[in-house]
Asker: 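For reference, the structure I am asking about is given below.
Remember, it's 1-based here, ligands and their atoms both numbered in the order they're listed.
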Amino acid sequence: MAAAAAPAVGLESPAVIGGPACPAEARFQFGSIDDYEMVEEIGEGTFGVVAKARDRRTGETVAVKWIHGGEGDGEDGAARLRAAVLREAGCLDACRAHPSIVELRGVAADEATGDLFLVMEFVGPSLQRRLTGPFSEAEARACMRQLLGAVERMHGAGTIHRDIKPDNILVGAGGALKLCDFGCASPARPLGKAYPERRTGTTQYNAPEQLMGIRCYGPAVDMWALGCVMAELLIGMPLFMGCAAEDILVQLPMGPEAFDGMLSLAGREVLAGLLSYNPCERLTAADALKHRWFAEEDAAKPPAAKQSTLPRRPCPQQHGIRAAHGGGCLADSQIG
Ligand SMILES: Nc1ncnc2c1ncn2[C@@H]1O[C@H](COP(=O)(O)OP(=O)(O)OP(=O)(O)O)[C@@H](O)[C@H]1O
């Protein structure tokens, strides 16, 4: 990122930068990275660096993400990297104008190197950094309402995030949450069409079908991740520990009854719906938001007085992954 002032150069055509055309390129007019002055680095991940920056033209503070790698060297690597940046931008753009999804301001290019940068609204620290202890049920519910709203919008736009976790949720003014890092996001594939990658995202938040290597999955993987986030809000630590799929799989089943005493019945119903092993039975974002947990004034009433409002669908042995997959959604042959 250039630190010195430089005349703004409008890079309005992909041809100015070179490299093979990507379908997403047609949607973006590239600005110049010289329009942004780096203030400080605020985050570094496996594939990119995020910096707080100042827009020289308006004085506005923004976040600029430089995606540098994991895509290999040479022309092929550069082309793949470029496609990855534009895919992330395209997925973010598809979900624009939602208060709980980080806003993409544009794509900027470094004319000298050909590097592309995502320019976003600057939000604030990640939820990961704010999660220093358990949240109350009311706080967890307020967070989940926002996150489910974001995911409802994202899935409605045909996008799957595939890496929802506290590290990829930003906390803005007044505690407003915003989903960020669409680096693993993808347009949802038609039912039965496999994703090329064996597994994406972060193991502790991967759904059972992803952990098992099944490549034909759907938006329900994000709902499982939201269940993990909800549990993490309530216990103040990740629900599942370990880095390998095998480590997580042995920790399953992990029933919502473990939350007895810290969560109302309505809250446990939502958690159970999100952490349903069978992706076909997992709550959608829209259905979760309709649950009475979000309407109740006092979700902490004694659970005995309440009745379940979750639809009950027959699913024999629903506490076993294999049994759940035997329910007609995913066949063993889909295991990659
Ligand atoms: N718009 C933003 N406003 C403020 N901070 C941000 C913004 N976007 C990202 N960050 C910060 O930068 C960190 C890394 O961002 P992001 O997850 O997008 O990068 P990444 O390279 O894909 O990371 P990873 O490899 O860990 O997924 C975030 O956790 C957050 O702390």
Side-chain angles (χ1 to χ4, degrees), residues 1 31 33 35-55 58 60-72 77 80-108 115-132 143 146-147 150-151 154 159-186 197 199-206 210 221-222 225-226 228-229 232-233 238 243:
M1 192 178 317
I33 195 59
D35 287 338
Y36 303 93
E37 179 185 8
M38 188 168 92
V39 177
E40 60 177 334
E41 190 179 308
I42 48 177
E44 176 155 17
T46 322
F47 300 112
V49 178
V50 180
K52 187 177 192 176
R54 191 181 69 86
D55 187 328
T58 62
E60 187 192 20
T61 299
V62 293
V64 174
K65 180 170 178 177
W66 174 49
I67 301 167
H68 53 61
E71 298 286 335
R80 280 199 299 273
L81 190 55
R82 183 185 183 81
V85 176
L86 290 169
R87 186 179 59 180
E88 180 167 352
C91 289
L92 256 179
D93 192 52
C95 309
R96 68 184 168 275
H98 190 280
S100 302
I101 297 177
V102 71
E103 187 188 319
L104 178 73
R105 294 281 163 81
V107 180
D115 285 347
L116 296 182
F117 302 80
L118 300 183
V119 182
M120 300 168 281
E121 65 170 320
F122 177 81
V123 182
S126 72
L127 181 60
Q128 175 70 39
R129 282 177 50 195
R130 283 291 173 88
L131 238 176
T132 51
C143 291
Q146 297 174 68
L147 296 175
V151 171
M154 189 177 64
T159 299
I160 311 185
H161 188 284
R162 303 195 296 178
D163 198 17
I164 293 177
K165 57 180 177 178
D167 205 30
N168 288 335
I169 297 165
L170 303 173
V171 186
L177 300 186
K178 289 182 189 260
L179 196 56
C180 75
D181 191 0
F182 280 55
C184 288
S186 169
E197 312 90 356
R199 204 146 53 76
T200 58
T202 307
T203 311
Q204 291 98 323
Y205 303 87
N206 272 174
Q210 291 172 299
V221 299
D222 287 338
L226 278 182
C228 296
V229 171
E232 188 164 342
L233 290 170
C243 299

Asker: Nearest to atom 19 (O) of ligand 1 by heavy atom, Glu44, Lys65, Lys52: which?
Answerer: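 Minimum heavy-atom distance to atom 19 (O) of ligand 1 goes to Lys65.
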Asker: Below the 3.5 angstrom mark, is there an N/O of Asn168, backbone or side chain, next to an N/O of ligand 1?
Answerer: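 Right, the criterion is met.
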Asker: What protein heavy atom is closest to atom 25 (O) of ligand 1, reported as residue, atom name and distance in Å?
Answerer: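 Protein heavy atom at minimum distance: Thr46 N, 2.8 Å.
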Asker: Excluding sequence neighbours, so at least two apart, what forms side chain to side chain donor-acceptor pair (under 3.5 Å) with Glu60?
Answerer: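 Applying side chain to side chain donor-acceptor pair (under 3.5 Å) to Glu60 gives Arg105.
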Asker: Looking at side-chain heavy atoms only, is the closest gap between Pro166 and Glu232 below 4.5 Å?
Answerer: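 In short, these two side chains touch, coming nearer than 4.5 Å.
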Asker: Which residue supplies the protein heavy atom nearest to atom 7 (C) of ligand 1, what is that atom called, and how far is it?
Answerer: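 Atom 7 (C) of ligand 1 sits closest to the protein heavy atom Leu170 CD1, 3.4 Å.
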Asker: Heavy atoms only: which of Val62, Ile169, Ile42, Val102 lies closest to atom 5 (N) of ligand 1?
Answerer: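 Looking at heavy atoms only, Ile42 sits closest to atom 5 (N) of ligand 1.
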Asker: Is a side-chain donor or acceptor of Arg130 paired with a backbone partner of Leu127 at a separation under 3.5 angstrom?
Answerer: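 No, the answer is negative, given that no donor and acceptor are paired below the 3.5 Å cut-off.
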Asker: Drop me the distance from Gln204's CD to Cys228's SG, to the nearest 0.5 angstrom.
Answerer: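 Spacing of CD (Gln204) from SG (Cys228) equals 9.0 Å.
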Asker: For ligand 1, find out whether one of its N or O atoms is nearer than 3.5 Å to an N or O atom of Glu121.
Answerer: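 There is such a contact, yes.
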Asker: Looking at CG of Leu118 and CG of Leu92, how far apart are the two atoms once the value is rounded to the nearest 0.5 Å?
Answerer: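 It comes to 7.0 Å.
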Asker: Pick from Glu103, Gln146, Glu121: which one makes a side-chain hydrogen bond (donor to acceptor under 3.5 Å, both in side chains) with Lys178?
Answerer: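 With Lys178 as partner, Glu103, Gln146, Glu121 yield a single side-chain hydrogen bond (donor to acceptor under 3.5 Å, both in side chains), made by Glu121.
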Asker: Can you tell if the side chain of Asp167 reaches within under 4.5 Å of the side chain of Ser126, non-hydrogen atoms only?
Answerer: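 Yes; the side chains approach each other to less than 4.5 Å.
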Asker: Is it the case that ligand 1 has an N or O less than 3.5 angstrom from some N or O of Gly48?
Answerer: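 Right, the criterion is met.
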Asker: Output the list of atoms in ligand 1 that are nearer than 4.0 Å to some heavy atom of Phe122, sorted by atom number.
Answerer: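 Once the distances to Phe122 are compared, the set is 3 (N), 4 (C).
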Asker: Considering only non-hydrogen protein atoms, determine which one is nearest to atom 17 (O) of ligand 1 and report residue, atom name and distance to 0.1 Å.
Answerer: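 Closest protein heavy atom to atom 17 (O) of ligand 1: Asp181 OD2, 2.8 Å.
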Asker: Given 3.5 Å as the limit, does a donor-acceptor pair link the side chain of Asp163 with the main chain of Phe182, or not?
Answerer: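 No, Asp163 side chain to Phe182 backbone: no donor-acceptor pair under 3.5 Å.
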Asker: Looking at ligand 1, does Gly124 have a heavy atom less than 4.0 Å from it?
Answerer: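 Contact check Gly124 vs ligand 1: positive.
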Asker: With the side chain counted from C-beta on, respond yes when Asp181 and Lys65 share a heavy-atom pair under 4.5 Å apart, and no when they do not.
Answerer: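 When only atoms from C-beta onward are counted, Lys65 and Asp181 do touch, with a gap below 4.5 Å.
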Asker: If we only count N/O pairs under 3.5 Å, is Asp167 in contact with ligand 1?
Answerer: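 Yes, there is a polar N/O contact under 3.5 Å.
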Asker: Which option wins on minimum heavy-atom distance to atom 10 (N) of ligand 1: Val123, Leu104, Val50?
Answerer: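 Of the listed residues, Val50 has the closest heavy atom.
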Asker: Using heavy-atom distances, let me know which of Pro166, Gly43, Gly183, Gly201 sits nearest atom 13 (C) of ligand 1.
Answerer: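 Nearest heavy atom to atom 13 (C) of ligand 1 lies in Gly43.
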Asker: Measure the distance from atom 23 (O) of ligand 1 to every protein heavy atom, then report the residue, atom name and distance (to 0.1 Å) of the closest one.
Answerer: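 Ranking protein heavy atoms by distance from atom 23 (O) of ligand 1, first comes Gly45 CA, 3.4 Å.
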